[in-house]
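The structure under discussion appears below in the form of structure tokens.
By convention in this document, chain letters (A, B, ...) are assigned in the order of the sequence lines, proteins followed by strands, and residues within each chain are numbered from 1. Just so we're clear, the structure is a prediction, and the values are computed from it rather than from any experiment.
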Number of protein chains: 2
Amino acid sequence: MQKKYLTIYEDLVKQIQSNVWPPSSMLPSENELTSHYHTSRETIRKALNLLSQNGYIQKVRGKGSVVLDIHKFSFPVSGIESYTELAEKLQLETRTIVHTLDYLEADNDIAKILRIDPSDSVWTVERIREISGEKIILDKDYFNEMYVPLLSEEICGQSIYEHIENNLGLVIGFAQKEIVVEEPTEEDRELLDLEGFSNVVVIRSQVYLDDASLFQFTESRHRPDKFRFVDFARRVKK
Amino acid sequence: MQKKYLTIYEDLVKQIQSNVWPPSSMLPSENELTSHYHTSRETIRKALNLLSQNGYIQKVRGKGSVVLDIHKFSFPVSGIESYTELAEKLQLETRTIVHTLDYLEADNDIAKILRIDPSDSVWTVERIREISGEKIILDKDYFNEMYVPLLSEEICGQSIYEHIENNLGLVIGFAQKEIVVEEPTEEDRELLDLEGFSNVVVIRSQVYLDDASLFQFTESRHRPDKFRFVDFARRVKK
DNA sequence: ATTTTGAACTTGTATATACATGTTACGTTT
DNA sequence: AAACGTAACATGTATATACAAGTTCAAAAT
């Protein structure tokens with residue numbers, strides 16, 4: 001079965017993005033959408049709640065759904081998106097350099113983070129992201145071999161996430177991220193075009209699969225002037 | 001009517017935080033919760049979806065709800081929380097210095113951001129946040145007078161959000177945030193204890209009310225070594 | 001002219017039912 | 001011993017109904 005509420009959600013997203021419902025205008029009411037899509041009100045409400053969660057609309061009781069004016073394109077966006085997906089969406093002129101690709105016993109820190117035995121092996125990838133000819137980002141990825149048994153230089157040069165989702169059939173669920181600002185390491189200075197900047201922005205993520213198993217740890221080190229993070233947040237109900 | 005699904009959600013949050021359901025354990029099934037709370041399954045599912053959205057659990061089809069191990073305490077946390085709320089939660093030894101408090105005609109940039117007429121007036125507040133004796137953060141707030149007609153030095157020294165929600169009865173809905181790293185301005189160097197750091201982390205937020213009206217713009221400038229942002233993100237469905 | 005009332009709309013909450021689909025464990029078959 | 005099948009149970013989707021509660025606007029009352 002294809003999920004009705006998801007197709008309706010995607011349809012409405014497309015309409016909002018193509019300005020059928022411009023910012024500050026009202027979406028049709030739930031009842032109108034119900035009869036338009038030949039479905040039940042609850043199904044429409046599921047689709048609208050998805051729109052609301054993702055920052056497309058604001059539901060106002062008694063009134064309706066206001067379309068929000070959210071420019072979702074920035075770099076890097078919040079959420080879980082691979083560099084390749086972002087680069088495509090933003091049409092960046094980008095190149096990826098696979099600096100190292102190793103299959104090693106996990107050192108203590110990584111083993112602890114990935115919650116595995118230090119004798120277990122881990123795929124370790126270091127990649128440099130070049131944007132318009134400048135080396136801007138250093139990505140260090142660590143994969144639990146239990147879920148990602150094999151990586152190749154070719155896969156790393158393309159998109160690891162694409163490989164994980166399409167070839168390995170794993171479903172990525174959620175991530176816990178941390179963003180901090182640190183001093184560049186020797187490696188940062190060596191591999192990136194830091195141009196005298198005395199800080200790098202470091203994004204550390206633990207990425208989990210659909211079934212809540214931890215499969216990846218990532219450290220993404222950015223030149224500060226090229227870093228931008230955009231977030232849509234709702235006030236938590238009390 | 002008090003909302004059942006919200007009370008159940010809050011009850012479960014409390015239980016998770018007090019380790020009744022420790023990380024990696026399973027919550028009772030939806031049917032068990034249904035009979036325990038004497039309600040319908042849909043109501044339980046609403047509560048569980050809230051837990052899932054806020055990173056407390058991961059639902060796994062066919063299995064149940066896994067409790068996640070997410071340390072939600074960091075500074076500053078994602079979401080919309082006032083400095084005062086954060087400081088209390090984290091038990092920071094903190095002091096707020098109200099540097100300026102003005103009621104002025106909006107300059108062009110601010111008027112544009114707040115989408116008001118340049119002849120309209122705006123409340124402008126600059127506050128310095130001192131943590132353990134060090135001046136770490138410079139907060140610059142701009143309020144649309146239509147929603148916030150009056151501010152006092154006392155209110156600014158306490159919590160503006162508390163005033164807005166409890167005294168003015170406004171309901172904060174959502175925010176659009178941007179995080180970037182910039183060079184310190186003259187004002188930053190003057191007002192903050194920058195200790196030679198050559199960057200500041202700048203968080204710019206547009207904050208909207210429940211009915212999607214824009215009422216505040218904020219610029220929060222942080223010393224980079226004291227900045228930390230934590231985010232819980234779900235992979236967007238395709 | 002101003003205020004009040006109420007009908008007709010909107011979204012929010014709660015419940016019930018049905019079936020689809022993924023997981024697990026155990027007994028049966030091979 | 002291994003493979004298979006199936007029942008029992010888990011969550012996911014779709015629908016229907018009822019009522020609560022906020023918004024709007026026009027008619028009626030003051």
Side-chain angles (χ1 to χ4, degrees), chain A residues 1-12 21 24-53 56-68 169-171 173-174 209-213 234-235 237-238, chain B residues 1-12 21 24-53 56-68 169-171 173-174 209-213 234-235 237-238:
Chain A
M1 191 203 337
Q2 51 167 347
K3 303 166 190 171
K4 271 196 190 180
Y5 77 95
L6 252 187
T7 29
I8 295 172
Y9 163 74
E10 285 162 2
D11 195 39
L12 290 173
W21 318 109
S24 300
S25 73
M26 289 292 200
L27 283 191
S29 76
E30 293 179 354
N31 281 323
E32 287 171 316
L33 290 171
T34 296
S35 59
H36 178 268
Y37 285 104
H38 304 292
T39 180
S40 69
R41 191 176 152 220
E42 279 304 312
T43 301
I44 293 294
R45 283 176 61 74
K46 271 195 194 168
L48 292 182
N49 283 334
L50 262 186
L51 287 173
S52 170
Q53 277 170 44
Y56 288 104
I57 64 171
Q58 174 74 1
K59 304 196 75 179
V60 185
R61 185 175 194 164
K63 288 177 145 175
S65 301
V66 188
V67 178
L68 300 182
L170 301 178
V171 180
F174 58 95
L209 297 177
D210 205 35
D211 65 351
S213 53
R234 291 196 173 274
R235 177 91 166 149
K237 302 179 188 181
K238 285 283 166 65
Chain B
M1 189 204 340
Q2 51 167 346
K3 302 165 190 172
K4 272 196 190 178
Y5 77 95
L6 252 187
T7 30
I8 295 172
Y9 163 73
E10 285 163 2
D11 195 41
L12 291 173
W21 317 108
S24 299
S25 73
M26 288 292 199
L27 283 190
S29 77
E30 293 179 354
N31 281 324
E32 287 170 315
L33 290 172
T34 296
S35 58
H36 178 267
Y37 284 103
H38 303 293
T39 182
S40 69
R41 192 176 150 220
E42 279 304 311
T43 301
I44 292 295
R45 282 175 62 75
K46 271 195 193 170
L48 292 182
N49 283 335
L50 262 186
L51 287 173
S52 170
Q53 277 171 43
Y56 289 103
I57 63 170
Q58 174 75 1
K59 303 195 78 180
V60 185
R61 185 174 196 166
K63 289 177 144 178
S65 300
V66 188
V67 179
L68 300 181
L170 301 178
V171 180
F174 59 94
L209 297 177
D210 205 36
D211 66 349
S213 52
R234 291 196 173 275
R235 177 90 166 151
K237 302 178 187 182
K238 285 281 165 66

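Taking A:Arg41 as the reference, A:Glu30 meet the salt bridge (charged side-chain N to carboxylate O under 4.0 Å, His left out) condition, with sequence neighbours excluded.
In this structure, CZ of A:Arg45 is placed 8 Å from P of C:dT11, rounded to the nearest angstrom. Distance NZ (A:Lys46) to C1' (D:dG12): 7 Å, rounded to an integer number of Å. Between B:Lys3 atom NZ and C:dT13 atom C1' there is a gap of 9 Å when expressed in whole angstrom units. Between the NE2 atom of B:His38 and the P atom of C:dA16 there is a distance of 13 Å, rounded to whole Å. In this structure, CG of B:Leu6 is placed 13 Å from C1' of C:dA14, rounded to the nearest angstrom. For the pair B:Gln58 CD and D:dA10 P, the computed distance is 19 Å after rounding to whole Å. As a whole-Å value, the separation of A:Tyr9 OH from D:dA14 P is 16 Å. As rounded to whole Å, 13 Å separates atom C1' of D:dC9 from atom CE of B:Met26.
Contact check, A:Thr43 against D:dT15: a side-chain N or O comes under 4.0 Å of OP1 or OP2. Of the side-chain N and O atoms in A:Asn31, none sit less than 4.0 angstrom from OP1 or OP2 of C:dC9. For D:dG22, the OP1/OP2 oxygens have no side-chain nitrogen or oxygen of A:Lys63 closer than 4.0 Å. Under 4.0 angstrom from either OP1 or OP2 of C:dA16 there lies no side-chain N or O belonging to B:Ser40. The phosphate of C:dT13 (OP1 or OP2) has a side-chain N or O of B:Tyr5 nearer than 4.0 angstrom. Distances shorter than 4.0 Å separate none of the side-chain N or O atoms of A:Thr39 from OP1 or OP2 on D:dA14.
Of the candidates C:dG12, C:dA14, D:dT13, D:dT13 carries the atom nearest the B:Glu42 side chain, counting heavy atoms from C-beta on. The side chain of B:Arg41 lies closest to C:dA18 when the candidates are C:dT11, C:dA16, C:dA18.
In this structure, the separation between OG1 on A:Thr43 and NZ on A:Lys4 is 6.5 Å, given to the nearest 0.5 Å. The CD1 atom of A:Ile44 lies 6.0 Å from the OG1 atom of A:Thr39; values are rounded to the nearest 0.5 Å.
Positionally, the nearest nucleotide of DNA chain D for B:Ser29 lies more toward the 5' end than for the other of B:Ser29 and A:Val60.
Among B:Asn49, B:Val66, B:Leu51, the single residue meeting the side-chain contact (heavy atoms from CB on, under 4.5 Å) criterion with B:Lys59 is B:Asn49.
For A:Asp211 and A:Ser213, the side-chain atoms include at least one donor-acceptor pair closer than 3.5 Å.
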